[in-house]
Amino acid sequence: MTASRHKHLSKRLINAVRHAHTMAYAPYSKISVGAGLYCGGRKIFTGANVENSSYSLSMCAERTALFKAVSEGVRDFRLLLVYSPQVNFITPCGACLQVLSEFAPDLVIASMNKREEFRFYPLNVLMPQPFRLSQE
Ligand code: THU
């Protein structure tokens with residue numbers, strides 16, 4: 001999906017994600033990422049990437065946002081917005097797609113670039129066959 005709007009893409013969500021990326025701890029990659037999950041009840045959970053000197057322990061912005069939401073009892077995800085000023089139209093990594101698909105297999109992912117342009121990607125297009133313990 002290319003640039004158009006989505007009913008849950010609001011200035012509030014954009015501002016939340018812009019703020020979230022400034023909270024990134026990314027001294028190694030120098031890539032700061034912000035994610036915002038728009039949920040039922042108009043709730044927004046944000047996340048930023050948090051790196052570690054033991055590189056593989058780093059956490060992505062998307063999973064930070066998801067774990068914040070789920071651990072506070074919210075699972076009804078309506079839209080995910082991701083943003084990095086260093087990456088044109090960033091999309092979630094495979095690990096984040098797997099974790100997102102557990103809770104919201106039909107989620108739409110919006111990506112914003114630094115010119116505040118948008119691209120939309122259905123999660124089930126980015127990851128058509130996520131791992132499941134039992135495949136029906
Ligand atoms: N990163 C995210 O936070 N989200 C993505 O969608 C891809 C990558 C982070 C992980 C790491 O801190 C940095 O970006 C470079 O890979």
Side-chain angles (χ1 to χ4, degrees):
M1 242 184 278
T2 50
S4 60
R5 299 295 285 190
H6 184 280
K7 62 180 172 177
H8 296 314
L9 182 58
S10 61
K11 196 68 197 164
R12 185 174 150 243
L13 183 61
I14 293 166
N15 288 343
V17 167
R18 279 196 182 284
H19 177 71
H21 103 85
T22 68
M23 297 294 125
Y25 175 72
Y28 308 108
S29 73
K30 311 251 192 292
I31 290 172
S32 56
V33 186
L37 266 176
Y38 181 78
C39 306
R42 303 186 69 247
K43 289 198 181 89
I44 291 173
F45 290 85
T46 59
N49 52 327
V50 182
E51 298 184 346
N52 191 269
S53 53
S54 180
Y55 296 166
S56 64
L57 299 182
S58 300
M59 179 52 62
C60 295
E62 295 89 331
R63 274 176 291 159
T64 304
L66 179 143
F67 292 142
K68 283 171 68 179
V70 174
S71 64
E72 295 197 16
V74 177
R75 299 178 186 172
D76 51 345
F77 306 148
R78 306 278 161 84
L79 181 70
L80 173 68
L81 176 63
V82 286
Y83 168 65
S84 171
Q86 293 87 21
V87 181
N88 198 31
F89 295 117
I90 191 167
T91 50
C93 75
C96 289
L97 295 174
Q98 172 69 30
V99 173
L100 288 163
S101 75
E102 176 99 10
F103 296 97
D106 298 320
L107 189 68
V108 172
I109 297 162
S111 180
M112 179 172 79
N113 70 3
K114 64 182 176 195
R115 288 179 292 282
E116 214 168 282
E117 297 164 336
F118 298 91
R119 286 184 185 166
F120 297 90
Y121 306 91
L123 172 55
N124 57 24
V125 169
L126 296 182
M127 180 164 275
Q129 191 67 268
F131 172 73
R132 296 275 182 267
L133 277 175
S134 67
Q135 303 278 3
E136 271 97 50

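In each ligand, atom 1 is the first atom listed, and ligand 1 is the first ligand listed. Computed from a predicted structure; not experimentally measured.
The nearest pair of heavy atoms linking Leu123 to Ala104 is CD2-O, 3.2 Å. When all heavy atoms of Phe77 and Leu107 are compared, the pair lying nearest together is O-CD1, 3.7 Å. Closest non-hydrogen pair, Val17 versus Leu81, comes out as CG2-O, 3.7 Å. Across all non-hydrogen atoms, the minimal contact from His21 to Tyr83 is CD2-CE2, 3.4 Å.
Assignment of Thr64 to the shell around ligand 1 is not supported, since no heavy atom sits closer than 4.0 Å. A heavy-atom separation below 4.0 Å is found between Pro92 and ligand 1.
Between Ile31 and Val87 the shortest side-chain heavy-atom distance falls below 4.5 Å.
Scanning the protein for heavy atoms near atom 14 (O) of ligand 1, the closest one is Asn49 ND2, 3.6 Å. Taking atom 4 (N) of ligand 1 as the reference point, the nearest protein heavy-atom neighbour is Glu62 OE1, 2.8 Å. Looking only at protein heavy atoms, the nearest one to atom 3 (O) of ligand 1 is Ala61 N, 2.9 Å. Scanning all protein heavy atoms for the shortest distance to atom 7 (C) of ligand 1 gives Ile90 CD1, 4.0 Å.
Heavy-atom proximity to Thr91, at under 4.0 Å, picks out these atoms of ligand 1: 6 (O).
For the atom pair Thr46 OG1 and Met23 CE, the distance stands at 9.0 Å (nearest 0.5 Å).
Of all the heavy atoms of Val82, none lies under 4.0 Å from any atom of ligand 1, so neither backbone nor side chain is involved. Here Met59 has no heavy atoms under 4.0 Å from ligand 1, in either its backbone or its side chain.
Between the side chain of Gln98 and the backbone N or O of Phe131 there is at least one donor-acceptor pair closer than 3.5 Å.
Taking any N or O of Val33, backbone or side chain, none lies under 3.5 Å from an N or O belonging to ligand 1. An N or O contact shorter than 3.5 Å links Glu51 to ligand 1 by distance.
Distances from atom 10 (C) of ligand 1 to the heavy atoms of Cys60, Ser29, Ser84 show the closest one on Cys60.
Inside a 4.0 Å radius of atom 12 (O) of ligand 1 there is at least one protein heavy atom.
Using cut-offs of 30° and 60° for the angle between ring planes, the Tyr28 and Tyr25 rings count as perpendicular.
Ion pairing between a basic and an acidic side chain is recognised when a charged N comes within 4.0 Å of a carboxylate O; Glu102 and Arg75 show no such pairing.
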